[in-house]
Amino acid sequence: MAASVLTASGITPLVHATEPPPIHYDIGLDLKQGDLDAITVRATLRSGDDGIVDFTPPDQPPVDVHVESGTLDTSMPDRWRVTTSPHAEVVVAWRTARPQPLDWGKWDVFHPQVLGGPGAMFAFGGALLARPKGPTTRPASSTVTLPEGWHTVGASGSPIQTVDDIWLTSYLVARHLTLTTRRIGKATTLHVGALGGRPWDVEKIADLIASTLVLVDRNANLPSLLTVNVLNFDEGTGYGSTATGTSATLLITPGAPSPPWPFEVIRQFASTGTAQGGTANAWFSRGFAGYRVASALRTEGKLDRVDFARHVNDILGKYGGSPFRRTSNAGLVEVAPRVYEARQLPGARGELFAWLIDAHLREATQGRKQLADALNRMDIQTPDPGPALIAAVAAEGGGDITPLYQRYIVDGELLQLPTDTLGPCYSIGTVAYDYGWQEQHAFAKPPTLCVGADSSAKSQRSGDEAAPNRR
């Protein structure tokens, strides 16, 4: 049977002495009487100085696993250990069980299984791939070998940047997919593919993502390839999404808006246009990407007041409900490799900080300037965004924001927005719970109460004025 090979490789940085060697996955589909019977995976990497490589097994236990050299210990339920010579090539191979049927009446498929159906397979990387333990920044790439007549999204499959991206990266292959592409600027191609649903909805999703990214990334800093996998379900009213690296997944039901609002997808793609720097820079790469997306959509009238307030309220909830909300940036960098919640906090903190600085700059310039103006003058790909941001805000007339940056980003002091941060059409309120925890919420005011110029709130200066309602 003829087959086609699709190679997926993320943006792989140069490997320095302190960085782990890359891992590569070869993924194949085993057919039985023309239908999918199992998936085989072959992972290749090199061992370290001690000749030992530990893996976190796939969430769906395979029916067979073996190594091509050295010894394999699978006696621990949460670890595969390969022992071989120092700096030797390690090859681990495994085979999944027959994929579980994909129930088109249930759209919550974020469970640890490889799912399938007649002529189709879907799985998140966490269900399919074993991940080497250790630094989550390890570069990763994959090759998907497709049987004749089967398809996937994008000419290079599902891109992966690091092993940390793997858990939420999805793999979608099928005999029949609705596929479309969009060019974004001169150097970026967006591939969107859907299983089920109506073809024109796929076109709407591609148009929305592409047109928004054009607004956000005017300097053409996006990578060359972006991919979105779409699953359409038969029942339900909601929709969900995941996004990591340069790939994303949308889960859509009949009751979802047409097209559904893929904010997380667009924010993740926008963040790929900035220097990454891992957790240390995530407050900027992810947080300020959220600000840039929402700000551009408000300016273009594509995000109404209620949806904007709902978006900020979601960010306030992610930040305010996190056990790491008072952790310094250095502290987050230290624990992030081990704790998922610590990797999520910087993005929420960074976006709230962006709205705070936006309000500060609007007030300092009597509404003539906003944070977007400062970002347009700075190099968002700088590996050290803090000083660059401080300089850009000062150049736009916002004064010195170093104390604010030190308190809320570097030191991790609790960041609470003043009531009028978002302007006269919105209000920020604080809820104090019985056990002493406080969270903020964003509200859109009724049109009759939305009066005055859309200027920003007063900036936070010091003490209680800087952080009202702070416990």
Side-chain angles (χ1 to χ4, degrees), residues 6-13 22-25 27 39 41 109-110 114-115 120-129 131 136-144 146 151-174 177-184 187-195 202 205-206 208-210 212-213 216-217 221-232 239-252 260 262-274 276 282 285-286 289 293 343-344 347:
L6 299 172
T7 301
S9 59
I11 302 172
T12 304
I23 184 170
H24 181 77
Y25 297 94
I27 302 170
I39 295 97
V41 183
V109 299
F110 289 86
V114 178
L115 304 170
M121 186 279 289
F122 175 83
F124 283 102
L128 182 63
L129 304 178
R131 290 158 287 168
T136 58
T137 56
R138 182 191 299 267
S141 59
S142 67
T143 299
V144 182
L146 297 176
H151 308 278
T152 190
V153 182
S156 299
S158 299
I160 300 173
Q161 289 183 312
T162 68
V163 293
D164 193 37
D165 293 324
I166 290 174
W167 185 61
L168 290 179
T169 295
S170 66
Y171 290 84
L172 174 62
V173 296
L177 289 174
T178 301
L179 300 170
T180 190
T181 62
R182 295 291 185 275
R183 291 289 293 178
I184 303 173
T188 300
T189 301
L190 169 69
H191 293 271
V192 181
L195 190 61
V202 180
I205 291 169
L208 179 59
I209 295 174
T212 305
L213 288 174
V216 172
D217 191 68
N221 292 318
L222 295 173
S224 60
L225 178 68
L226 303 170
T227 61
V228 181
N229 292 330
V230 182
L231 292 185
N232 290 278
Y239 65 96
S241 67
T242 68
T244 182
T246 56
S247 66
T249 308
L250 281 172
L251 310 176
I252 303 174
F263 190 93
E264 289 299 323
V265 174
I266 298 172
R267 180 177 73 167
Q268 172 57 34
F269 287 169
S271 75
T272 63
T274 65
Q276 297 301 296
S285 62
R286 287 189 56 79
V293 172
R343 298 196 292 274
Q344 299 305 300

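For the numbers below, each heavy atom of this structure counts, side chains included, while hydrogens, waters and symmetry mates do not.
- Here the OG atom belonging to S271 is positioned 12.5 Å from the CD1 atom belonging to I266, to the nearest 0.5 angstrom.
- Just one of L177, V192, V153 meets the side chain to side chain contact (heavy atoms under 4.5 Å, CB included) condition when paired with V230; it is V192.
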The test is side chain to side chain contact (heavy atoms under 4.5 Å, CB included); show your working for I184 and F269 and say whether it passes. CA-CA 12 Å; I184 303 173; F269 287 169; over 6 Å; no
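- Smallest separation of non-hydrogen atoms from S170 and N229: OG-ND2, 2.8 Å.
- Every side chain to side chain contact (heavy atoms under 4.5 Å, CB included) that T181 has, sequence neighbours left out, goes to T189, H191.
- Annotation: the span from E264 atom CD to T242 atom OG1 amounts to 10.0 Å, rounded to 0.5 Å.
- Side-chain atoms of L195 and F122, non-hydrogen and from C-beta on, never get closer than 4.5 Å to each other.
- Contact annotation: the side chain of T212 approaches that of V293 to within less than 4.5 Å [non-hydrogen atoms, C-beta and beyond].
- Here the side chains of I205 and V265 are not in contact, with every heavy-atom distance at 4.5 Å or above.
- The two atoms that bring A270 and L222 nearest to each other are CA-CD2, 4.3 Å, heavy atoms only.
- Between atom CG of residue L213 and atom CZ of residue R182 there is a gap of 12.5 Å, rounded to the nearest 0.5 Å.
- Contact annotation: the side chain of T162 never approaches that of T136 to less than 4.5 Å [non-hydrogen atoms, C-beta and beyond].
- In terms of the side chain to side chain donor-acceptor pair (under 3.5 Å) criterion, R131 has no residue partners (sequence neighbours excluded).
- A 4.5 Å side-chain heavy-atom check between T249 and F124 finds at least one atom pair inside the cut-off.
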